[in-house]
Amino acid sequence: MGTAERPRRITMTPAARRVLEAAARLFYERGVHAVGVDLIAAEAGVTKKTLYDRFGSKEQVVVEYLADRDERWRGFLARYLDAAQPGSAARVLAVFDASRAWAKKNSSKGCGMVNAHAEISDPSHPAYPIIIEQKQWMLALFTDLVGDMDQVGADRLSRTLMLLHEGALVAHGLNVFADPISHAREQAQALLVAVGDSAAKR
């Protein structure tokens, strides 16, 4: 996995929080490049000077938007993982359950990280490491969850689960067919049953 250093973060004041909330909504609904600082400031009820005083640049607003979204997702997911039995297939399936609930509430247009990467593909952009590290973290999570069940073939299975999960998020955002995350969960469950059967025979 990459070793990109996560960019600096700012201390949130009430005004900065209002800017972040406005930017998060606008960036997700319209895209990062389509939204300018004038619109963000107007929606947040602050001056453009205040925005720059707090964040320094639009790029830093994007950093805070993606980092905050990632932190909120990890906290949301943790509640699902904590409710599942340790070392069980239920912990893997809890990721899909959490994603389905998160998507209904926060991601009508698909994964915010995937959407941002479509616009931010330059590794020199300060927000780029956040996008990549978030997906690396998801792969590592699947690897850990599968490894807790059975170490044999954990790397390969975790990559397959990651592809199922990420493909479902994209299909959800594109509205290709109804409830793709549940479909991906069913496929993940079938894989995990097969792995369990194989482990039992060893």
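In this chain, residues are counted from 1 in sequence order.
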Would you call R9 and E71 a salt bridge, taking side-chain N to carboxylate O under 4.0 Å as the test?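 E71 and R9: salt-bridged.
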
State plainly whether one hydrophobic cluster holds both [X] and [Y], where clusters connect Ile, Leu, Val, Met, Phe, Trp and Tyr through side-chain heavy atoms under 4.5 angstrom apart.
{"X": "M12", "Y": "V46", "value": "yes"}
{"X": "V170", "Y": "M113", "value": "no"}
{"X": "L163", "Y": "L141", "value": "no"}

Within a strict 4.5 Å, meaning less than it, do heavy atoms of the [X] and [Y] side chains meet?
{"X": "V61", "Y": "V37", "result": "no"}
{"X": "V63", "Y": "F55", "result": "no"}
{"X": "L145", "Y": "L81", "result": "yes"}
{"X": "W73", "Y": "W137", "result": "yes"}
{"X": "H117", "Y": "K135", "result": "no"}

Nearest-0.5 Å distance that lies between atom [atom1] in [X] and atom [atom2] in [Y]:
{"X": "K104", "Y": "H172", "atom1": "NZ", "atom2": "NE2", "value": "9.5 Å"}
{"X": "D68", "Y": "L20", "atom1": "CG", "atom2": "CG", "value": "5.0 Å"}
{"X": "M162", "Y": "T160", "atom1": "CE", "atom2": "OG1", "value": "12.0 Å"}
{"X": "D144", "Y": "R91", "atom1": "CG", "atom2": "CZ", "value": "9.5 Å"}
{"X": "L51", "Y": "I40", "atom1": "CG", "atom2": "CD1", "value": "6.0 Å"}
{"X": "R100", "Y": "D179", "atom1": "CZ", "atom2": "CG", "value": "4.0 Å"}

Is the Lys NZ or Arg CZ of R69 less than 6.0 Å from the centre of F27's six-membered ring, within 45° of the axis? no

Run the side-chain contact (heavy atoms from CB on, under 4.5 Å) test on Q60 and R8 for me, step by step, so that the C-alpha distance in whole Å, both residues' side-chain angles and the decisive distance to 0.1 Å come before the verdict. CA-CA 9 Å; Q60 188 64 36; R8 70 176 182 87; 3.7 Å; yes

If you measure only the distance, is there a donor-acceptor pair under 3.5 Å linking the side chains of S99 and H165?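 Present: a donor and an acceptor within the cut-off.
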
For atom CZ of R159, decide whether the heavy atoms of other residues, nucleotides or ligands shown that lie under 6.0 angstrom number more than 12.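 Check fails, neighbour count at 12 or below.
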
For L169, which of V114, I181, N115 qualifies under side chain to side chain contact (heavy atoms under 4.5 Å, CB included)?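 Answer after filtering V114, I181, N115: I181.
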
Counting only N and O atoms by type, is there a donor-acceptor contact under 3.5 Å from the side chain of [X] to the main-chain atoms of [Y]?
{"X": "E29", "Y": "K109", "value": "no"}
{"X": "E64", "Y": "I10", "value": "yes"}
{"X": "E119", "Y": "V32", "value": "yes"}
{"X": "Y65", "Y": "R25", "value": "no"}

Which heavy-atom pair separates [X] from [Y] by the least distance, and what is that distance?
{"X": "D155", "Y": "S158", "result": "O-OG, 2.7 Å"}
{"X": "W102", "Y": "S107", "result": "NE1-OG, 3.2 Å"}
{"X": "R18", "Y": "A44", "result": "NE-O, 3.4 Å"}
{"X": "L77", "Y": "A98", "result": "CD1-CB, 3.6 Å"}
{"X": "S108", "Y": "Y28", "result": "N-OH, 3.3 Å"}

Show the numbers, then the answer: is there a side-chain contact (heavy atoms from CB on, under 4.5 Å) between L66 and V62? CA-CA 6 Å; L66 292 174; V62 178; 4.1 Å; yes

Relative to each other, are the rings of F96 and F142 parallel, tilted or perpendicular (30° and 60° limits)?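 Tilted: the ring planes of F96 and F142 meet at 30° to 60°.
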
